[in-house]
K.L.:
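This is the structure I want to talk about, given as structure tokens.
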Amino acid sequence: MNIISNINQLEEHQIRFIVKRYAEFMPPQGVINLVAEVYNIQINRELLDMMNPLVPSVCALSKKHEKLFLDTRSKVLSATIYLPVIDKRSRMKRLQQLYEKFEDEENYKMIIVVMEAARLESGPLYDELIQLLRIRENIEIKPPVYEA
């Protein structure tokens with residue numbers, strides 16, 4: 001395995017490969033291991049740091065490689081998936097849909113489960129409604145037991 005300590009010792013396609021992996025937020029040690037596996041060359045952390053345009057004091061990349069890094073980084077960031085689970089409004093909307101579905105089916109046990117979830121989302125607003133529904137329908141829901 002060849003040990004590479006200078007960016008000038010790398011071929012163009014190797015530089016592009018390393019820059020892209022680094023721009024994709026791959027951890028430095030992961031990039032080093034992947035380069036060793038793919039190209040059978042050993043690079044060190046200092047060389048890898050020289051390929052990060054976000055650290056201009058040590059960056060030794062050409063302008064086209066800096067552009068490749070920044071373009072790849074922006075593509076990765078723009079491709080980040082929006083997770084509706086993170087959005088409270090989306091969760092509450094879904095709970096409302098489930099509530100209406102179970103109400104049409106007159107499935108009161110599931111209505112209570114949905115209302116419990118809504119209570120967790122919004123605080124004590126649903127406490128009294130849940131208690132009234134449990135009393136009216138004579139439903140008891142036991143909390144789940146988790147085994148270690």
Side-chain angles (χ1 to χ4, degrees), residues 1 4 7 10 12-59 61-148:
M1 181 176 296
I4 306 293
I7 198 168
L10 293 168
E12 174 68 19
H13 64 93
Q14 293 170 333
I15 295 172
R16 292 178 60 79
F17 180 84
I18 295 167
V19 167
K20 279 185 164 185
R21 298 302 85 72
Y22 208 37
E24 292 168 348
F25 295 101
M26 182 177 273
Q29 191 58 49
V31 175
I32 291 169
N33 294 341
L34 189 61
V35 168
E37 182 181 315
V38 172
Y39 293 110
N40 198 28
I41 59 174
Q42 184 66 44
I43 62 172
N44 57 26
R45 179 64 190 262
E46 290 78 26
L47 178 61
L48 194 57
D49 288 341
M50 290 171 45
M51 296 186 181
N52 186 355
L54 301 179
V55 185
S57 61
V58 294
C59 183
L61 287 176
S62 65
K63 293 293 182 196
K64 73 176 183 180
H65 292 122
E66 282 186 34
K67 183 175 178 348
L68 174 66
F69 179 95
L70 297 172
D71 290 348
T72 304
R73 176 71 50 102
S74 68
K75 282 180 189 175
V76 168
L77 290 174
S78 68
T80 303
I81 299 172
Y82 168 73
L83 298 174
V85 172
I86 295 171
D87 184 13
K88 183 176 182 175
R89 186 179 48 186
S90 298
R91 293 190 307 265
M92 292 301 281
K93 182 178 179 184
R94 180 65 180 138
L95 288 173
Q96 180 65 35
Q97 292 168 346
L98 288 171
Y99 176 85
E100 291 167 1
K101 174 187 174 215
F102 295 133
E103 189 177 44
D104 291 342
E105 296 171 0
E106 295 183 6
N107 186 344
Y108 297 108
K109 188 171 184 175
M110 288 308 297
I111 288 173
I112 290 174
V113 170
V114 170
M115 290 178 76
E116 288 280 0
R119 181 182 63 79
L120 291 173
E121 287 292 329
S122 62
L125 174 67
Y126 292 95
D127 283 347
E128 190 175 318
L129 293 172
I130 292 169
Q131 291 298 1
L132 290 173
L133 186 59
R134 282 184 176 166
I135 292 168
R136 189 183 92 192
E137 298 298 325
N138 195 21
I139 295 175
E140 182 179 335
I141 297 177
K142 295 179 181 167
V145 177
Y146 299 102
E147 295 179 15

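Here, residue 1 is the first one in the sequence, and each next residue gets the next number.
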K.L.:
Output the distance between atom NE2 (H65) and atom NZ (K20), rounded to the nearest 0.5 Å.
P.N.:
10.5 Å
K.L.:
Roughly how far, to the nearest 0.5 Å, is CG of D71 from CD of E66?
P.N.:
11.5 Å
K.L.:
Could you list the residues that satisfy salt bridge (Lys or Arg N to Asp or Glu O under 4.0 Å) with R21, not counting sequence neighbours?
P.N.:
E24
K.L.:
Between L68 and I15, is any pair of side-chain heavy atoms under 4.5 Å apart?
P.N.:
no
K.L.:
For K64, which residues count as a side chain to side chain contact (heavy atoms under 4.5 Å, CB included) partner, sequence neighbours excluded?
P.N.:
E12, S62
K.L.:
Please report the interatomic distance CD1(I18) to CD1(I32), rounded to the nearest 0.5 Å.
P.N.:
9.5 Å
K.L.:
When rounded to the nearest 0.5 angstrom, what is the spacing between OH in Y99 and CG in N107?
P.N.:
12.0 Å
K.L.:
Run the side chain to side chain contact (heavy atoms under 4.5 Å, CB included) test against L70 and tell me which residues pass, sequence neighbours left out.
P.N.:
L54
K.L.:
Checking R16 now: which residues fulfil salt bridge (Lys or Arg N to Asp or Glu O under 4.0 Å) with it, not counting sequence neighbours?
P.N.:
none
K.L.:
Going by the ring pair (Phe, Tyr, Trp, His ring centres under 6.0 Å) test, which pairs reach into residues 16-36, not counting sequence neighbours?
P.N.:
F17-Y39
K.L.:
I'd like to know if D49 and R45 make a salt bridge, using a cut-off of under 4.0 Å between side-chain N and carboxylate O.
P.N.:
yes
K.L.:
Can you see which heavy atom on P53 is nearest to which on C59, and at what distance?
P.N.:
CA-SG, 3.6 Å
K.L.:
Holding to side chain to side chain contact (heavy atoms under 4.5 Å, CB included), I want the full list of residues that pass it with L98, two or more places apart in sequence or in another chain.
P.N.:
R94, F102, V114
